Amino acid sequence: MKRTDFTLKPSLIAMLAAATLLTACGDDNDDDTVIVTPPAPVMQTFTVTVTNLTANQPMSPVILASHASDAMLWNAGEMASEALEKLAEGGDTADIAALSVINSSVNGTGLLMPGMSETLTLTLDEADVASISLATMLVNTNDAFTGINSYTITGMEVDATTAMKFMAYDAGTEANSEAKGTMPGPADGGEGFNASRDDVDFVHIHPGVISMYDGLADSVLGASHRFDNPVLAVTIMRTE
């Protein structure tokens, strides 16, 4: 019998290989898709209680803010930012809340009256826990303010508490004339923020007010409006 040689053309070989591959894929019922669920964020909650220690200096609605540890709302001996000026002259916190260094902020509900306390709550992602600051204006003044300036909360344990007292600062942006029409508080009901600066133009410890009974004839303040340091008590507690 005569032998017949049989040779497959290259094109036919390629077609058979493709068919084999398709068959193999069709028989593979395993699902190798891996779904990764990101871990839930870990949150930390802090409560900050503030108490007005003055006799007759209502304080503007407090702003409590979180930020990186290297951020500061003010530096004694240096010029106040416009955001701080607006707070110190008129109690306006909007520009502080809008600062690029602020991660999160919360405001008090209203004036903090003498002898009264208020508690604010700040809940932060664990990754954002670094430092907090707090600021409020003494409204029966031209530009006095007080608060916390970059206090580190990193590493605070749950139920840990720290208590501090703070002095009053002078923003140095408005002269302490105490004249009628220059202060926004109830003792005067005058102007708040004014963009012009007519004082030393640097932040410093406030020397206190001089009332009409102390010989400042143009002052609209009385003896009850005077204050000594400290003017604000603060308690910080990590609750979660």
Side-chain angles (χ1 to χ4, degrees), residues 48-65 67 71-99 101-102 105-114 116-118 120 131-151 164-178 182-210 221 225-234:
V48 179
T49 300
V50 292
T51 302
N52 184 338
L53 301 179
T54 71
N56 196 8
Q57 283 288 343
M59 295 179 180
S60 64
V62 173
I63 181 170
L64 173 65
H67 50 76
M72 304 280 283
L73 289 190
W74 69 87
N75 286 288
E78 296 183 10
M79 185 174 65
S81 66
E82 185 173 301
L84 182 64
E85 180 184 10
K86 288 183 177 180
L87 178 282
E89 292 182 7
D92 185 356
T93 63
D95 281 18
I96 290 180
L99 290 172
V101 296
I102 300 300
S105 67
V106 61
N107 277 75
T109 57
L111 287 177
L112 182 64
M113 301 304 290
M116 301 302 291
S117 298
E118 183 177 14
L120 298 92
S131 294
I132 58 172
S133 289
L134 179 148
T136 178
M137 177 194 182
L138 282 66
V139 297
N140 284 330
T141 69
N142 289 103
D143 61 344
F145 70 97
T146 186
I148 305 170
N149 193 18
S150 194
Y151 181 80
M164 299 166 285
K165 293 180 179 179
F166 295 92
M167 62 187 65
Y169 285 89
D170 191 320
T173 57
E174 183 176 310
N176 298 329
S177 68
E178 299 165 18
T182 67
M183 295 173 290
D188 181 26
E191 181 183 61
F193 169 69
N194 187 318
S196 64
R197 298 191 177 194
D198 59 358
D199 201 6
V200 295
D201 209 12
F202 62 83
V203 177
H204 57 92
I205 302 299
H206 202 287
V209 299
I210 303 175
L221 303 183
H225 300 115
R226 292 182 297 198
F227 55 87
D228 293 320
N229 285 311
V231 295
L232 186 73
V234 178

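Because the structure is a prediction, the values reported are computed rather than measured.
Side-chain polar atoms of Glu118 and Thr109 form a donor-acceptor pair below 3.5 angstrom. One side chain, Glu89 or Thr173, offers a donor N or O that lies under 3.5 Å from an acceptor on the other.
Using the six-membered ring where Trp is involved, Phe145 and Tyr169 have ring planes that are parallel, under 30° apart on the 30 and 60° scheme.
Of the inter-residue distances, the one linking Ile148 atom CD1 with Ile132 atom CD1 reads 5.0 Å to the nearest 0.5 angstrom. With values rounded to the nearest 0.5 angstrom, Met116 atom CE is found 12.0 Å from Leu111 atom CG. If you take OG1 on Thr182 and CG on Asn194, they are separated by 10.5 Å, rounding to the nearest 0.5 Å. Distance check: Arg197 CZ to Met79 CE gives 5.5 Å after rounding to the nearest 0.5 Å. Atom CD of Glu178 is separated from atom CD1 of Ile210 by 6.5 Å, given to the nearest 0.5 angstrom. Rounding to the nearest 0.5 Å places CD of Gln57 at 12.5 Å from CG of Leu232.
Considering only heavy atoms from C-beta on, Asn140 stays 4.5 Å or farther from Asp188 through its side chain. Val50 has its side chain out of reach of Met59: every pair of non-hydrogen atoms, C-beta onward, lies at least 4.5 Å apart. When side chains are defined from C-beta on, Glu85 does not count as touching Asp95, because their heavy atoms never get closer than 4.5 Å. With a 4.5 Å cut-off on side-chain heavy atoms, Leu221 and Met183 count as touching. Between Val48 and Val234 the shortest side-chain heavy-atom distance falls below 4.5 Å. Phe227 has its side chain within reach of Thr141: a pair of non-hydrogen atoms, C-beta onward, lies under 4.5 Å apart. Asp170 has its side chain within reach of Asp199: a pair of non-hydrogen atoms, C-beta onward, lies under 4.5 Å apart.
For the pairing with Arg226, the side chain to side chain contact (heavy atoms under 4.5 Å, CB included) check across Val209, Asn56, Thr54 returns one residue only, Val209.
The backbone N or O of Leu84 sits less than 3.5 Å from a side-chain atom of Ser81, completing a donor-acceptor pair. Side-chain N or O atoms of Thr146 include one that pairs as donor or acceptor with a backbone N or O of Met167 at under 3.5 Å.
Across Asp143 and Glu174, no two heavy atoms sit closer than the pair OD2-N, 3.0 Å. Taking every heavy atom of both residues into account, Leu112 and Thr51 meet most closely at CD2-C, 4.4 Å. Of all heavy-atom pairs between Ser150 and Ser133, the closest is N-OG, 2.7 Å. Across Ala65 and Ile102, no two heavy atoms sit closer than the pair CB-CD1, 3.8 Å. Ala97 and Ser105 get closest at one heavy-atom pair: CB-OG, 3.7 Å. Pairing each heavy atom of Pro114 with each of Ala55, the nearest pair is CB-O, 3.5 Å.
No more than 12 heavy-atom neighbours from other residues, nucleotides or ligands sit within 6.0 angstrom of CG on Asp228. Other residues, nucleotides and ligands contribute over 12 non-hydrogen atoms within 6.0 Å of the CE atom of Met72.
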Is there a side chain to side chain contact (heavy atoms under 4.5 Å, CB included) between Ile205 and Asn229 once you walk through the steps?
-> CA-CA 9 Å; Ile205 302 299; Asn229 285 311; 3.9 Å; yes
